[in-house]
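So the structure is just underneath, and the comments pick up after that.
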Protein chains: 2
Amino acid sequence: MTAWSAVVPSRDELHEAKRVALLREAASAFTRKGFHAASLDDIAQKLGVTKAALYHYFPSKHALLRECFARALEVGFQGLARARAQGGSGREKLNNTLRFYLHEMIDELSCCVVLTEENALLPDDYVDLLKVRDRFERALRDLIREGIADGSIVPCDPKLAVFTILGAIHWVSKWFNQSGAWSADAVSTALTDLLDRMVSATPVAALPTDIRTAT
Amino acid sequence: MTAWSAVVPSRDELHEAKRVALLREAASAFTRKGFHAASLDDIAQKLGVTKAALYHYFPSKHALLRECFARALEVGFQGLARARAQGGSGREKLNNTLRFYLHEMIDELSCCVVLTEENALLPDDYVDLLKVRDRFERALRDLIREGIADGSIVPCDPKLAVFTILGAIHWVSKWFNQSGAWSADAVSTALTDLLDRMVSATPVAALPTDIRTAT
DNA sequence: CCCAGGTAACCGTACGGTTAGCAAACTGAA
DNA sequence: TTCAGTTTGCTAACCGTACGGTTACCTGGG
C-alpha cells in the first residue's frame, strides 16, 4: 500500500515547485532581456498564467530579482565551502570554487547568470547585495593570496584578478546557449582551466582546442 | 590679426561638440543604470537642458544606444588595424589590440563599456550590430589561431578564449571608477598582461601585485 | 464555510516622443 | 548699416502607452 501523500504532491510542495519554476523563468527573462525590458506579463504568459497569479508567489518584481541574486551568491558560498573542505593549495581551492559556481549557475538557474542587472535592484536591496557580494569577492581574493603564499599562484594583484575572473564567468550568460553544442559540464571545466592558466604559478598542460571534445 | 573663426567655434563645431557631450553622457548613464532605467530627462538634466533639446541632436533614444555600439566597435577595429600594422606574432598582435581597445573604451567613452546592453537595441539595429560584432570576434579568433600556428599562443579553443577575454574586458564597466586609484593606463596594461598570461605559450614574467605601482 | 489559486478588468504613473512657440543669431538684399 | 526673413536651440506643456500593481470576483478542495 502506498500512501497517496507519497505519490501526490502536497499543496505546499506544489506551491514551492511553482515558486521555483517562476523564479527560474524570471531569471531567464531578466538575463535575456534585462530586468526592465522583461515584463511580468511575458513571464506569466510563458508559465501559462496571468500576471496577477504571480503575486501569489512573490510580492513584487523586485523581490524576484532580489531572490535571483540571493540564490546566485548562495551557490557561490556553497562552492567556497566545498572547495575549502576538499583542501589543497590556494590554486586548487580557487579552481574548485569557480568550477562549481559556473556549473551550478549554468545548470540550476536555467542557464542564467543574472548578475549583470544589479543596478536594477532597489536601493535597500542593493546595499544588502553589496555586503554579501563583497564578502564573496573578498573570499576569492583571499584564495588568491593563499595561492601566492603557498607558491601555487603567480604573484599578481588579487583584486584585479578576481574582477577579471568574475567578468569572464558572468559574461557566460551573454553567449551560452542551452541548446548549443557546448554542455554545462564542458563549459565550466574549460573556462575554469583557462582562468587557471591565467593565475597558475607553474606552466599548465595544453588546453583542448575544441570544447566539444573535452572531458 | 587672428580671425574670429580661429578662436570662436563655428556653429557647426558647437553643434558637434554638444552632440559628442550628449553621446558620452548617454553612454555613461546607460552603463551605470542600464538602457531602460536611464531616462532622457535624467540625461538632459545632467547636461543642463530639457529633454526636448536632445532631439536636436539625436532622433531617438535608441539612436543614442546604436551610436554607442558603433563607436565602440569602431575603436575595436581601429585597434586591430594598428596591431596589424605594428606586426609581430599573433600573441603580440592580440595584446596590442586588446590594450588599445581597453584604453580607448575606458578613456574616450567616459569610462563606459556599454556593450552590456545589446538586448535593448531595436531588432533591426541588433542584427546590424551582430554582423559587425561577429566580424570583430572572428578577427580576434583569427589572431589567436595565428598565434597558435606561430607558436606564440598555447593551443586552446579560440572561440572560448575570445568569449573569456571579451567578458573580462567588458566587465570593466562594472567596477572601474573614474575617480578611483587605478588609472585607465594602469588598468588597460595590467588587464592585458593578465589575459596575455592566460593564452601565452611561453611562461610570462611575474605580474605586478599592486596595479597602482605598475608602469 | 473558508481559503488558496486563479482571472478579468482596472488604476496610476513614468517615460519616450511631439507640438507650439519664443528668442537669439545668421543671411542677404536694399 | 540696417532690417526683414529664416534657421537654430531651446522650453513648457502635452499625448500615448506600456507596465507594475490592485481589486473584485469566480472556482474547487478540505
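Chain naming here is simple, since letters A, B, ... match the order of the sequence lines and numbering starts at 1 in each.
- Atom-to-atom, NE2 of H56(B) to P of dA24(C) comes out at 16 Å; the value is rounded to the nearest Å.
- Using the six-membered ring where Trp is involved, W171(B) and H170(A) have ring planes that are tilted, between 30° and 60° apart.
- Centroid-to-centroid, the aromatic rings of Y126(B) and F69(B) stay 6.0 Å apart or farther.
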With the sugar-phosphate defined as primed atoms, P, OP1 and OP2, and the base as all remaining atoms, what B/S/- string results for nucleotides 25-30 of chain D, 5' to 3', for protein heavy atoms under 4.0 Å? ------

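- Ring planes of F163(B) and W182(A): perpendicular class, angle over 60° (limits at 30 and 60°).
- Not one side-chain nitrogen or oxygen of Y57(B) sits closer than 4.0 Å to the OP1 or OP2 atom of dT8(D).
- If you take CG of L54(A) and C1' of dA8(C), they are 15 Å apart, rounded to a whole angstrom.
- Put simply, CG on L14(B) is 13 Å from C1' on dC26(C), counting in whole angstrom units.
- Remark: K61(A) is positioned above the aromatic ring of F35(A), its terminal NZ or CZ atom under 6.0 angstrom from the ring centre and at most 45 degrees off the axis.
- Heavy-atom contacts from other residues, nucleotides or ligands closer than 6.0 Å to CZ of R19(A) number more than 12.
- Residue K174(B) qualifies as enclosed at atom NZ: its count of foreign heavy atoms under 6.0 Å is above 12.
- Distance, L65(B) CG to dG16(C) P: 12 Å, rounded to whole Å.
- The base of dG5(C) lies outside donor-acceptor range of the side chain of H15(A), with no N or O pair under 3.5 Å.
- Distance Y55(B) OH to dG17(C) C1': 5 Å, rounded to the nearest Å.
- No option in D124(B), D134(B), L73(B) other than L73(B) meets the side chain to side chain contact (heavy atoms under 4.5 Å, CB included) test with L129(B).
- By the 30° and 60° cut-offs, the orientation of the rings of H36(B) relative to H36(A) is tilted.
- The stretch residues 35-53 of chain A comes close to DNA chain C through V49(A), T50(A), A52(A), A53(A), each having a heavy atom under 4.0 Å from the strand.
- In this structure, F58(A) reaches neither bases nor backbone, as no heavy-atom distance under 4.0 Å exists between it and the strands shown.
- Around atom CD of Q78(B), more than 12 heavy atoms belonging to other residues, nucleotides or ligands sit under 6.0 Å away.
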